Amino acid sequence: MITAKELRQKYLKFFQEREHAVIPSASLIPENDPTCLFISAGMHPLVPYLLGEPHPEGKRLASVQKCIRTGDIDEVGDALHLTFFEMLGNWSLGDYFKSEAIQWSWHFLTSKDWLGLDPKKIYVSVFAGDEDAPRDEESAKIWQGVGVSPERIYYYGKEENWWGPAGRTGPCGPDTEMYYDTGREPCGPNCEPKCNCGKYSEIWNNVFMQYNKTSDGKYEKLKQQNVDTGMGLERTIAILNGKSNVFETELFEPIMKQINDLSSEVIEGDNLKSARTIADHLRAATFIIGDDRGVGPSNLDQGYVVRRLIRKSIRHGRLLGIKNDFTKKISQTLIDMYKDVYPELNRNKKFVLENLEIEENKFTKTLQKGLKEFETIASSEKLKQTISGEQAFELFSTYGFPLEMTQELASEQGLQVDTDGFEKAFKKHQELSRKGSEKKFKGGLADQKEQTAKLHTATHLLHQALRQVLGDQVKQMGSNITAERLRFDFPHPQKMTSQELKRVEDIVNKKIKEDIPIICEEMTVDQAKKKGAIGLFEHKYGGRVKVYSAGDFSCEICGGPHATSTGELGHFEIKKEESSSAGVRRIKAVLEQDSKIIV
Ligand code: SER
């Protein structure tokens with residue numbers, strides 16, 4: 001028996017002994033990447049460093065990173081797929097390459113001092129080669145060198161053995177993957193490691209990041225050769241403890257038991273799938289809302305994902321005969337289970353539980369009526385095989401059914417939903433309700449990059465201006481930047497008055513006029529604290545961070561990038577101030593180019 005706590009410690013210790021700096025998990029909400037809603041891998045917050053920027057902690061890093069993969073939401077309920085998971089990872093930023101990475105992986109997995117897995121049960125795959133990158137004979141040789149016989153080495157194409165980029169563009173490369181043979185019967189004569197039947201479980205992935213995928217789909221050689229590895233904590237714990245299933249591990253047992261206790265049904269078959277869905281979804285929702293940049297349920301971006309997760313849990317709860325007010329009970333258990341590893345969950349507990357309670361109350365009011373309406377639609381004689389976009393939109397706007405829930409209900413009855421029609425109806429509605437929408441940014445990609453850097457600097461000025469006007473309790477809870485606008489979430493109990501908004505705008509514009517240079521310095525967390533820097537002190541290990549400051553006005557721990565001076569920003573204007581979730585306000589603001597400054 002090995003616990004998750006021991007596995008996290010072992011992994012980090014192993015790489016620390018090999019001169020890796022342990023870095024903390026970044027927030028689940030990407031700070032500066034408008035192409036992704038969530039951090040989906042350990043490498044994701046490291047993209048600038050994989051592209052060549054020096055990392056303040058050096059060239060060898062290791063971490064346990066919180067991850068969300070929404071692509072897997074509909075696969076949840078099987079043995080392995082999870083929406084939230086922890087990823088153990090180690091990185092070489094232009095330092096060691098294939099040989100060390102593979103040898104260390106092998107040693108960690110098989111040595112009795114570390115995980116002690118039976119070497120004969122481990123299979124590996126390497127990249128088969130294509131027009132973008134050559135066949136990876138080099139990795140195959142290294143595997144043979146550590147003792148993996150050729151018949152346990154498989155060659156696969158991009159579909160299996162290529163990783164990245166995390167967004168649309170960015171660092172990526174061929175990878176080599178390690179699978180563990182669970183001992184189950186093969187599903188047929190062609191069963192092999194890439195098969196999803198459950199016989200082989202993929203446990204670790206070493207990516208040899210040597211390419212940057214550009215926006216026109218080309219693979220350019222990177223300045224440096226990187227290693228990016230990822231091992232799923234939950235899967236590995238299942239394997240190490242001889243469980244065929246992540247839901248039977250200590251990471252899920254307490255909540256599965258609680259769901260069983262709350263339920264009036266026998267938890268097996270479809271009910272088991274419902275119980276697993278609830279466990280997975282409420283776990284993910286707890287981590288997203290409980291993040292230091294946490295986001296509550298809404299109809300937008302991350303908020304919409306949170307809403308889907310909670311509402312789907314509530315529906316499955318009803319299928320199990322679970323009555324009201326259960327989501328926060330389960331979340332409370334999760335917070336207790338994880339608070340030592342992720343203390344932010346405890347810090348943000350009130351926010352998490354309140355949001356769950358409000359969302360559950362809200363949805364409970366319309367769920368029964370909505371289900372009736374769905375039944376009426378589904379049994380209508382006129383209905384062929386497809387629920388129309390308008391009908392799905394009606395279920396969404398009147399009864400709060402996320403599209404995916406309607407799809408799930410439909411598929412249970414062998415029906416389809418016209419999702420294009422839904423999008424059309426949705427857009428029509430949005431257009432009507434958002435007259436005079438923000439001006440679109442028309443520049444090319446380089447301009448976009450520059451524009452997002454400016455908006456990022458404006459976000460720091462806004463943050464400080466809000467603190468001056470509303471008080472020091474204001475802190476960034478969420479930030480999202482596109483080429484057109486910034487969005488900033490912060491805790492505040494009521495709507496801001498127009499005077500307050502005006503004062504905030506004036507302060508920011510004054511600081512822009514002063515044309516203050518933006519200085520970036522690297523320092524230890526303690527030095528940053530002494531300097532009075534605000535921002536997320538994610539680093540628990542006394543490591544080094546970057547601090548960006550604008551004179552004595554603003555000083556924040558941040559990854560950048562930023563404008564070089566506030567004078568470049570143009571004119572700052574708040575377009576909207578609204579509620580984002582319980583007790584959290586959201587500001588959207590833009591920068592209008594001011595011709596006086598440009599000329
Ligand atoms: N980025 C790779 C993955 O997610 C390896 O860390 O699997």
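Not measured: the values here are computed from a predicted model. Whatever order the structure lists them in is the order used to number ligands and atoms, beginning at 1.
Between Tyr156 and Trp162, the distance from one ring center to the other does not fall under 6.0 angstrom.
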>> Let's go through Lys243 and Glu234 carefully: what are the C-alpha distance in whole Å and the side-chain angles of both, what is the deciding distance for salt bridge (Lys or Arg N to Asp or Glu O under 4.0 Å) to 0.1 Å, and is it a yes or a no?
In response: CA-CA 11 Å; Lys243 311 272 185 190; Glu234 291 81 352; over 6 Å; no
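Annotation: cation-pi pair Lys66/Phe287 absent, no NZ/CZ under 6.0 Å from the ring centroid and within 45° of its normal. Both tests pass for Arg18 against the ring of Phe14: distance under 6.0 Å to the centre and angle within 45° of the axis. Judged by a 6.0 Å distance limit and a 45° cone about the ring axis, Arg69 is not positioned over the six-membered ring of Phe38.
Every protein residue with a heavy atom nearer than 4.0 Å to ligand 1 is included here: Ala41, Met43, Arg69, Met87, Trp163, Asn205, Val207, Asp228, Thr229, Gly230.
By the 4.0 Å N-to-carboxylate-O rule, Arg311 lies close enough to Glu359 to be salt-bridged with it.
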